[in-house]
Structures are given as structure tokens and as C-alpha cells.
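Structure record follows, encoded as C-alpha cells.
One-based numbering, in listed order, for ligands and for the atoms of each. We're numbering straight along the sequence, starting at 1.
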Amino acid sequence: MTNKLTLFVLAASLVFGACKSNTERGNSPGERPSVIKMEEAKGQPEEAEITAAPHVPAPIGNRGPKKLIVKLLTTEIEGEIADGKKYTFWTFNDIVPGSFIRVREGDEVEVRLKNDASSVLPHNIDLHAVNGPGGGAEATSAVPGKEETFTFKAMNPGLYVYHCAAPPVPMHIGNGMYGLILVEPAGGLKPVDREYYIMQGDFYTKTSAIKEGLLEFDNDKAVAENPDYVLFNGKKGSMLGTGMIEAKVGETVRLFVGNGGPNLTSSFHVIGEIFDNVYLEGGSSVTHNVQTTMIPAGGSAIVEFTVDVPGEYVLVDHSLSRAFNKGAIGKLKVIGEKNPKIFKKGGF
Ligand SMILES: [Cu+2]
């Protein structure tokens, strides 16, 4: 009798729970915010489109869950950290930040992580979009020349950081091993005119003992959290001059902003603009009319704003010594007609 009663209560609670979760999208504390995640991905696996910053793949739109393959190559390469300054970066796909990955909630994602044969160390990937041990880190730990694979179901919509989690982790991240993965909600994000990918990182450098003219990771500076460079998209000035991102007057701009760290929290701000919408910490809560949004190390934000008048808008970490002395500065160039009702020099 007791067993029957227990079963009945259990069955009733399951049915009730299922009905409830099918009609609500998680407004109650303690409830998981989505039911879409249990939809089955259909069809043959396809290779996901991935892009280098500041570009992002095409929007997901209104489609069902798919099976996607994401291919990443970890490398240890020399690159320019600033004009004329070489640094040994560790990367996903030879770029810092790593490729932008864009999927839909409910998608099943096979991550193929190959560690280039020229690497000295093992690398792996921990995606914050994953529900599972280490975000995939143990499953993908790859020695030089090997490929490791794991598969996950993207259950929670949001903008997530991924990074290498091989020891010493601060060094792997400090050398540039991070990127963003966007999990779009079912139905997709609202279309906008422009989307860009920006990722901040702090870099700690010293002169290489091995090669003249080369900079490498300085562990003491990292432990002291005293970087030489704080950068958008892996190079000082990467978003200035010909690297400026662009929009036209009247367009809505969406920035996918991440912070790889390894240490600093970003106070992300666009001088001369107000964020109409901020997806706080890259999650599902949207707030409005924000001047500066905090982006923790290993975190993100999606910001949206409409540009009303032409000009060059300066993107900064508003901890301003980082912007003006260490490189955390970029520009959005807006072209189009002036609108004196919104902004003009001089009085009435
Ligand atoms: Cu690594």
C-alpha cells in the first residue's frame, strides 16, 4: 500500500512537473528555465560555421535542433601582441580569441579538438555551455598530434566562454586560449543590423629566455594580477584604424562581449552610447539603459544599442588605465546623416 501510494505521488508529481514545465519558461526560482533542451536533434551531423573575431556566424533563425560538428585546432604560435612586439600565443584555430561558435538550444554538438603536432603541451577545452564534467576538459585532453572528441547537448541558452583547462590553467588562458559559444534560444535572437564578437583578455609578459625579440608569459605578473596588456581581440589596436567595427546611422548593433581573463573583471563601456539592452552576464535576464556593464573573467554579456548620429564611438574597459595605457580600447565607426535634434555642437 505504501509502495503504491509512493508510486502514485511520484507519478502525479512527474505529470504535474511535466505540464508545468511545458507551460512556463522558468520564472520560478529553482526551476530550470527551458524545456526545449529535451527536443531531439534530427538529421545528419553538419559542420558548424565558425568565425574569427570580430565576425560572428549567421543567425540560427527559426529552426529545430540539429547535430553539429565543431572542429578546433589548438596551436602554439608566434603572433603580434602589439605593433612590433611578438608574443607566443596559445590558441584555438590560430586566433585570439578562438573561433566564435553559434548553436541553438537543443542542438547536439560534437567537438573535435585536435592538438597540432607542433605543440609542446597537451591542451583541451572547457565550454561553459556544457552540462557535464569539466565542461569537456577531461574528455578532450589531447597530447600533441592527437584529436579527442566529445559530444554535448546545448541545454541552456546564453553566451558562454570556452577556454583551455590544461594545467597550469592561468597560463593557458593567459596565452590566449579562450573564445565564445552562443547558444541561441529556440526561435533565435531578434534580428539586428550588425553583430560583432569582442573578447577581452589580460596579458602578462616578459622577454623570452629562448628567442631574442620574443615576449612570453610571466607567471609572477599573472599571480600579482598586474598585466602589461589588457586587450580586445588579442592585439593592441586590433579594433582601431582599419580594424574599427562599423555601422550606419539608424542601425541596431549587437555586441557579443566576452572576458577570457585570466584575472581581470571588465567594466565594458561604449563612449557616447547607452546600451538599450544588456543580457546580463550573457544569460536570459535583459536589462535596459545601461552605461557600463561588468563582465567577469570567464563571463560575457550581450549588449544592444541603436546608433543615432555619426561619429567614432570608443569601446573601453572603463577601468581606464587599462584602456589608455594597456590597450583595452577599440572603435565603432558610424556613418550617415547627422541629426541635430539628437546631438549638435553649440546651443539652441
Ligand atoms: Cu591549453
Side-chain angles (χ1 to χ4, degrees), residues 50 52-53 70-81 86-101 109-130 132-152 160-181 197 199-206 208-211 214-223 225 227-231 233-235 258-264 296-300:
I50 55 175
V70 173
K71 293 181 181 173
L72 295 170
L73 178 73
T74 57
T75 61
E76 301 164 8
I77 54 166
E78 280 180 30
E80 277 203 322
I81 196 165
K86 294 257 189 191
Y87 183 82
T88 305
F89 291 98
W90 297 353
T91 81
F92 292 98
N93 287 348
D94 285 341
I95 44 179
V96 179
S99 303
F100 194 97
I101 305 166
V109 185
E110 178 184 307
V111 179
R112 295 182 188 171
L113 187 89
K114 178 159 194 208
N115 189 0
D116 194 76
S118 67
S119 294
V120 175
L121 290 164
H123 298 291
N124 62 32
I125 188 167
D126 166 357
L127 301 110
H128 292 180
V130 170
E138 292 91 336
T140 55
S141 192
V143 297
K146 288 283 184 202
E147 181 176 289
E148 301 292 344
T149 299
F150 89 110
T151 305
F152 73 97
Y160 299 93
V161 168
Y162 68 80
H163 61 86
C164 181
V169 185
M171 184 180 185
H172 286 249
I173 294 176
N175 279 335
M177 295 197 82
Y178 45 75
L180 289 179
I181 174 169
Y197 169 24
M199 202 152 180
Q200 183 169 322
D202 24 298
F203 290 85
Y204 307 83
T205 67
K206 65 180 178 188
S208 170
I210 301 163
K211 191 171 169 185
L214 185 66
L215 296 172
E216 63 182 23
F217 182 75
D218 185 319
N219 194 57
D220 292 339
K221 286 181 183 173
V223 171
E225 301 189 12
D228 300 285
Y229 297 97
V230 183
L231 302 176
N233 292 349
K235 188 188 170 189
N259 184 7
N263 296 320
L264 302 186
S300 71

Practice problem: Fit a plane to each ring of F203 and Y178, take the angle between them on a 0 to 90° scale, and name the class: parallel (under 30°), tilted (30 to 60°) or perpendicular (over 60°). | Solution: tilted
Quiz item: Can we say K146 and E148 salt-bridge, meaning some charged N sits less than 4.0 Å from an Asp/Glu carboxylate O?
Solution: no
Self-check item: Test applied, side chain to side chain contact (heavy atoms under 4.5 Å, CB included); reference residue, I125; option that passes from L72, V130, V70
Solution: L72
Tell me which pairs pass side-chain hydrogen bond (donor to acceptor under 3.5 Å, both in side chains) where either residue lies in [range], with sequence neighbours left out.
range	answer
residues 92-101	T75-D94, N93-S99
residues 135-145	none
residues 114-123	T74-N115, E76-H123, N115-S119, D116-S118, H123-H172

Quiz prompt | Residue and atom, protein N/O/S, under 2.8 Å of the Cu ion (ligand 1) | solution = H123 ND1, C164 SG, H172 ND1, M177 SD
